[in-house]
Amino acid sequence: MVSGTLMKFVKPCWKPSVEGENSENVSGRVDGLLWYKDSGHHVNGEFSMAIIQANNLLEDHSQLESGSMSSLESGPNGTFVGIYDGHGGPEAALFVNDHLFNNIRTIHAAEFTLENQGMSADVINKAFLATEEEFLSLVRRQWRTKPEIASVGACCLVGVICSGLLYIANAGDSRVVLGRQEKAVKEIKAVQLSIEHNASVESVREELRSSHPDDPQIVVLKHKVWRVKGLIQVSRSIGDAYLKNVEFNREPLLSKFRLPEPFYKPILKAEPTISVQKLFPEDQFLIFASDGLWEHLSNQEAVDIAQSCPRNGVAKKLVKAALCEAAKKREMRYSDLKKIDRGVRRHFHDDITVIVLFLDSHLISRSSWHGPLLSVRGGGGIFANT
């Protein structure tokens, strides 16, 4: 524990919430299948968020078949960003949205000392694994009555800005790209900061084969798409219990998810790939997005849009640019794509989640934050009745 006296001089990036403390929880707006918050302020600058859902509702119209969600939390000296791209159902993405940040905050506070302000790659890794264990416990409790929850998972991309450092953690195929000012050419260059875990990447296939040398079917080319065990494209996620614990790869799980042979070690991982770097004045903004955006826009195209458009609503503009490209690939107009119903839209584009985080070097270097604590959650049940 750190004494109150020391806490006056060196603060953790997040403090435990206090009832009545000045805070802000902004829900954003909904326009059809689009959720968005055009602008806001975090401790290190401004931000913009947007999500477009393409998947169908479940039969009871209560939730989406899958879900792409996001969160932004900002408090004294720190900002947290999360992109959670669900597959198989919304449960894992919803769970991660509710638990991962709290786990980071709890572990960070527990490891906070005067010498080391608590935030580290190890803290984030522990939080991912703690969230994974909590979700697998939920799967275990619901297994008999809701076995399909064993086939639900979420790709998780997290960014943490704390004490002038940027931590990026990724499990899955979402991506974060930095827009960096190149003074020599007076241009904003795109710099990819995350590593993706998708079987379409040769190094990922090599990692899987190295981890499972006795399984010639660990990655399979199926309908021109590389898949782990012929089932899933990503090699890391939170959830997907059926590919991590053999106890869930049996009846009553649907036969299409069950493997013919037992496995003796997890096929997928929950551990994220983590990088840590110092932020510099030339670092202008970060674009966090699910793979649905990057399927249609290159890193530089996204950075060019973010740099050239007004900050207000820029995340929404990135989503629209991706949808325009999706429409163009099908030789149709964007206006016609917008008319296509949820569910059918899934055949034209994936769910797309975007957070653009603008970086103010003066705020990043500032020792304290006097604005309200900020918490913004996007996606999830908000789409069920739109």
Side-chain angles (χ1 to χ4, degrees), residues 10-17 21-26 28 37-50 69-84 96-109 112 117-121 123-124 127-128 156-170 174-180 193-194 272 274-289 306 311 314-315 353-378:
V10 184
K11 298 179 182 178
C13 294
W14 293 277
K15 297 183 297 183
S17 299
E21 188 173 24
N22 186 19
S23 64
E24 182 181 354
N25 191 319
V26 186
K37 179 165 176 56
D38 279 340
S39 65
H41 288 83
H42 63 103
V43 66
N44 302 120
E46 298 176 64
F47 70 88
S48 179
M49 303 170 68
M69 297 159 207
S70 63
S71 64
L72 187 150
E73 314 274 349
S74 197
N77 299 341
T79 296
F80 168 95
V81 170
I83 300 283
Y84 316 119
V96 175
N97 207 10
D98 288 340
H99 292 80
L100 182 55
F101 170 68
N102 286 333
N103 283 333
I104 289 177
R105 183 170 57 181
T106 300
I107 296 169
H108 166 243
F112 177 80
Q117 294 194 31
M119 185 52 62
S120 67
V123 165
I124 297 171
F128 267 72
C156 304
L157 171 64
V158 161
V160 177
I161 300 175
C162 183
S163 302
L165 295 177
L166 171 64
Y167 300 81
I168 298 295
N170 193 38
S174 295
R175 183 186 305 172
V176 57
V177 172
L178 170 69
R180 174 174 287 162
L193 301 182
S194 55
I274 302 176
S275 65
V276 185
Q277 67 182 67
K278 185 178 180 180
L279 288 171
F280 294 96
E282 55 265 30
D283 297 334
Q284 302 294 299
F285 54 82
L286 296 159
I287 303 173
F288 295 83
R311 292 184 175 187
V314 69
T353 301
V354 180
I355 299 178
V356 182
L357 208 63
F358 292 97
L359 305 172
D360 187 323
S361 59
H362 299 292
L363 294 177
I364 291 171
S365 61
R366 192 171 63 178
S367 60
S368 63
W369 163 250
H370 301 292
L373 300 178
L374 179 71
S375 178
V376 184
R377 303 290 178 92

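As the structure is a prediction and not an experimental result, all values here were calculated from the model.
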Open item on the list: In the structure I gave you, are the side-chain heavy atoms of D98 and R377 within less than 4.5 Å of one another anywhere?
Closed with: yes

Open item on the list: Looking at D283 and F280, would you say the former's side chain and the latter's main chain have a donor-acceptor pair under 3.5 Å?
Closed with: yes

Task: Flag side-chain contact, heavy atom, 4.5 Å: V376 against F47 - done: yes

- [ ] Any chance you could lay out the side chain to side chain contact (heavy atoms under 4.5 Å, CB included) test for V158 and F80, step after step, and finish with the verdict?
- [x] CA-CA 7 Å; V158 161; F80 168 95; 3.6 Å; yes

Open item on the list: In the structure I gave you, are the side-chain heavy atoms of M119 and I104 within less than 4.5 Å of one another anywhere?
Closed with: yes

Task: Distance (rounded to the nearest 0.5 Å) between I274 CD1 and I124 CD1 - done: 5.5 Å

Open item on the list: Before you tell me yes or no, could you show the steps for L157 and I168 under side chain to side chain contact (heavy atoms under 4.5 Å, CB included), namely the whole-Å CA-CA distance, both residues' side-chain angles and the distance that decides it to 0.1 Å?
Closed with: CA-CA 8 Å; L157 171 64; I168 298 295; 4.2 Å; yes

TODO: Identify the heavy atoms of S194 and S174 that sit nearest to each other, and give their distance.
DONE: OG-O, 4.0 Å

Open item on the list: Any non-hydrogen side-chain atom of M49 less than 4.5 Å from a side-chain atom of L72?
Closed with: yes

TODO: Compare every heavy atom of M69 with every heavy atom of N97, then report the nearest pair and how far apart it is.
DONE: ND2-CB, 3.8 Å

- [ ] Run the numbers on L359 and L286 for side chain to side chain contact (heavy atoms under 4.5 Å, CB included), then give the verdict.
- [x] CA-CA 8 Å; L359 305 172; L286 296 159; 4.1 Å; yes

Open item on the list: Is any side-chain heavy atom of C156 closer than 4.5 Å to one of F128?
Closed with: yes

Task: Any donor-acceptor N/O pair, S48 side chain to S39 backbone, under 3.5 Å - done: no

Open item on the list: Determine whether a donor-acceptor pair (N or O, by modelled atom type, separation under 3.5 Å) exists between the side chain of Y84 and the backbone of S71.
Closed with: no

Open item on the list: I'd like to know whether E46 forms a salt bridge (Lys or Arg N to Asp or Glu O under 4.0 Å) with R311, so could you lay out the CA-CA distance, the side-chain angles of the two residues, the decisive distance to 0.1 Å, and finally the verdict.
Closed with: CA-CA 8 Å; E46 298 176 64; R311 292 184 175 187; 2.9 Å; yes

- [ ] Say whether, by atom type as modelled, one donor and one acceptor occur between the side chain of H41 and the main chain of L374 under 3.5 angstrom.
- [x] no

Open item on the list: On a heavy-atom basis, which atom in Q277 and which in L178 lie closest, and how many Å separate them?
Closed with: NE2-CD2, 4.3 Å

Open item on the list: I'd like to know if the side chain of T79 pairs up with that of S74 as donor and acceptor (distance under 3.5 Å, no hydrogens or angles considered).
Closed with: yes

TODO: Let me see the working for L193 and L166 under side chain to side chain contact (heavy atoms under 4.5 Å, CB included), right down to the final yes or no.
DONE: CA-CA 10 Å; L193 301 182; L166 171 64; 3.7 Å; yes

TODO: Kindly compute the distance separating NE2 (H42) from CD (E73), expressed to the nearest 0.5 Å.
DONE: 13.5 Å

Open item on the list: Does the structure place the NZ or CZ of R175 under 6.0 Å from the centre of the six-membered ring of F288, at an angle of no more than 45° from the ring's axis?
Closed with: no

Open item on the list: Is there a side-chain contact between I83 and S70 in this structure, where contact means two heavy atoms from C-beta onward sitting under 4.5 Å apart?
Closed with: yes

Task: Donor-acceptor pair, side chain of Q284 and main chain of E282, under 3.5 angstrom - done: yes

- [ ] Verify, without hydrogens or angle tests, whether N103 (side chain) and I107 (backbone) share a donor-acceptor contact under 3.5 angstrom.
- [x] no

